[in-house]
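From a predicted model like this one, the values you see are computed outputs, not experimental measurements. A, B, ... follow the sequence lines: proteins, then strands. Residue 1 opens every chain.
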2 protein chains.
Amino acid sequence: MAMAQVRDVAALAGVSPATVSNALNHPHRVSARTLAKVQAAIEELGYVRNDAARQLRAGSNPAVGMIVLDAANPYFTDVAHGAEQHLAELGRPLLLGNSAQREEQELTYLRLFDEQRVAGVLIAPVGDVLPKLRTLKDHGTSVVIIDRKAGADEFSSVSVNDEQGGWLVADHLIDQGARRIAVIGGPGSLRQVRHRLHGTQQRADRTDGATVEFLDTGAMDTASGRETVQRLLERPRDEWPEAIFATNDLVALGALQVLARAGVEVPGEIMLAGYDDIEFAASATIPITSVRQPSEEMGRQAAELLRQAIEDPAAAVQHTVFQPELMVRESTSAH
Amino acid sequence: MAMAQVRDVAALAGVSPATVSNALNHPHRVSARTLAKVQAAIEELGYVRNDAARQLRAGSNPAVGMIVLDAANPYFTDVAHGAEQHLAELGRPLLLGNSAQREEQELTYLRLFDEQRVAGVLIAPVGDVLPKLRTLKDHGTSVVIIDRKAGADEFSSVSVNDEQGGWLVADHLIDQGARRIAVIGGPGSLRQVRHRLHGTQQRADRTDGATVEFLDTGAMDTASGRETVQRLLERPRDEWPEAIFATNDLVALGALQVLARAGVEVPGEIMLAGYDDIEFAASATIPITSVRQPSEEMGRQAAELLRQAIEDPAAAVQHTVFQPELMVRESTSAH
DNA sequence: CTGAAAGCGCTTACAG
DNA sequence: CTGAAAGCGCTTACAG
């Protein structure tokens, strides 16, 4: 509890508190002799700066807050990792929050970041957070949106062309002979889900007899995938889809578990595709066809756009759109 | 930038700043009428409290910092999730840091948390952080250690009996007929790795002809697992081990990828076991035998021990030790 | 290059 | 129940 303060350091070093502060924050303003004395005093007392006081006086918090949809999804840990690396280079700590696809959690973190007056926020949104993001901007916090272009006029963004991703999957499935396609994922309100579904539908519309059915899983995790496919298999055999397209790989893995347990042959009886191309999709019991997104690169780019927005809040917003890539594996191609 | 402050709220509500503060922090001290006026003013101005100022004056930060070894490992996301849930119930935000098994990163986060004067820290340590943890404690920050009992006299901890886990795996592998066992994981300095190896060795010592060889992968991820097993397979065929025990599932999944690519039969030619029992181990190409740890429960318990330590810093330290459980799957048991 | 003074935005005793 | 005053620990102009 013997918390040393600047004044203790100053006293021990035989200088003023202002000089200690300068030694800490603007070392070039201080003579080498003084700097050495101050550093020795800091060392001896084990002085650790009080961040709250520094922030209050300096009027800014260098940290960046990030909110992801699911901290347990390797796709998001990769995006976060990319962002963290770039931010570390900029000397900005990253505070990571997990909304777990819950609007309430999302708002809790946004409020926390607002109260902390962080320099910037990176967010993959669940709910309609635009009003809250505008508030943050009003308060001097820059914002970059990950995974969607909504609010396009106001905030820079990094995203992947999800409609094209859906199209690529549908094109492949139809090419493999599937006509009845079930798209599973959710909640349906999630932009990613809507766009991937839309792309699938658009491709299906081009082929006679191709139909798309959407089953809302409610969430994007393995448990939700299991439950949904469980229900699907309770239908009469001739009402099963020929292919299941899960809007992310966790849902696909859950689906695969249920299909395997039920003895359904993949891809023989039902083809299965996922999205995100997480490592575990390629390592699954039956390797899963998926859509690759440059996750780490997306995180880096989001951090870079944020850097630019922080540097010049009046600058024009920018949108980086990455292209998805289909990774074909055993779950859809019987060879 | 029209950042409203308490004084603006006070002016609009026609009360003093002190009353606004009371309305915010001790609503029961304020009349219903006043409370309503203050809340209306807060609403109208979009007032958001300045956390740095609050913390400075209040002298404490309710948040808790957590440092995990690998934010991309589902085991740690589960532990973090358990901790986050319990802390949320206590009204304490969780700040999550990822050391990525790097001592430098670990110290960076510890310094950040120290500067922020967080109420507590949960840490799964990489390096020798005891001196730094003592400093934190001196500064009034409570500490709970996850996954090890080092510093047992000074800090409460939550851990799993890793030696027993290693023993369980070895016992099973030997039972399945394996004698030459390769343990892969790393760095060897990591307590978890040492203990799991030690348990393996102890069991092997009881069986004639059973030998244990340790291969340091340097890190605990899939890439490290791949590289190590790649090198292993370059040995003459008759120098291959009969079983590989990876000290976590990510390493095991990496190992499995290389074995599959090389056409090595698992478990026929080489058995494979992992640790942590992450969901993806059970869903792998060949479902992987693993050791289950109650990850979420560990996180909750760590948060609970922290709560107690924060409440009474002078209380005796406590150690919760969970028991591991072997999950036998196809990767070690032919058919 | 160094220091005395002021003040960041809150909350906490204390008095009324 | 409410308010005037002080002060949390630092950094920022400013003067020397």
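Nearest-nucleotide mapping onto DNA chain D: of Ala53(B) and Thr19(B), the residue sitting toward the 5' end is Thr19(B). Between Gly14(B) and Arg117(B), it is Gly14(B) whose nearest contact on DNA chain D lies nearer the 5' terminus.
When the nucleotides dT2(C), dG9(D), dC10(C) are ranked by their closest atom to the side chain of Val30(A), dT2(C) comes out on top. With dC1(D), dG9(D), dG3(D) as the choices, the nucleotide that has an atom nearest any side-chain atom of Ser16(B) turns out to be dG3(D). Of the candidate nucleotides dC1(C), dT11(D), dT11(C), dT11(C) has the atom nearest to the side chain of Asn25(B).
Val126(A) is listed as a side-chain neighbour of Leu69(A), based on a closest heavy-atom distance under 4.5 Å. Side-chain contact check for Val30(A) versus Val38(A): every heavy-atom pair is 4.5 Å or farther apart.
Distances shown here put every side-chain N or O of Ser21(A) at or beyond 4.0 Å from the OP1 or OP2 atom of dT12(D). Proximity of Tyr47(A) to the phosphate of dC10(D): a side-chain N or O atom is located under 4.0 Å from OP1 or OP2. At dT11(C), none of the side-chain N or O atoms of His26(B) fall inside 4.0 Å of OP1 or OP2 (strictly under the cut-off). For Thr34(A), a side-chain nitrogen or oxygen approaches OP1 or OP2 of dT2(C) to under 4.0 Å.
Spacing between atom CD of Gln55(A) and atom C1' of dC8(D) amounts to 15 Å, rounded to whole angstrom units. If you take CD of Gln116(A) and P of dC8(C), they are 21 Å apart, rounded to a whole angstrom. Separating the CD atom of Gln5(B) from the C1' atom of dT11(C) is a distance of 14 Å, rounded to the nearest angstrom. With rounding to whole Å, Arg57(B) atom CZ is found 12 Å from dG9(C) atom C1'. Distance, Asn50(A) CG to dG9(C) P: 17 Å, rounded to whole Å. Following rounding to the nearest Å, Arg7(A) (CZ) and dG7(D) (P) show an atom-to-atom distance of 11 Å. The nearest whole Å value for the distance from the CG atom in Leu35(B) to the C1' atom in dT2(D) is 14 Å. Distance CG (Leu24(A)) to C1' (dG9(D)): 13 Å, rounded to an integer number of Å.
Closest non-hydrogen pair, Phe322(B) versus Val158(B), comes out as CE1-CG1, 3.7 Å. Considering all non-hydrogen atoms of both residues, Pro125(B) and Ile146(B) come closest at CD-O, 3.7 Å.
When both pairing distances are held under 3.5 Å, dA4(C) makes no Watson-Crick or G-U pair with any nucleotide shown. The partner of dA13(C) cannot be assigned: no Watson-Crick or G-U wobble pair with both contacts below 3.5 Å exists in any strand.
Between the CD atom of Gln301(A) and the CD atom of Glu296(A) there is a distance of 14.0 Å, given to the nearest 0.5 Å.
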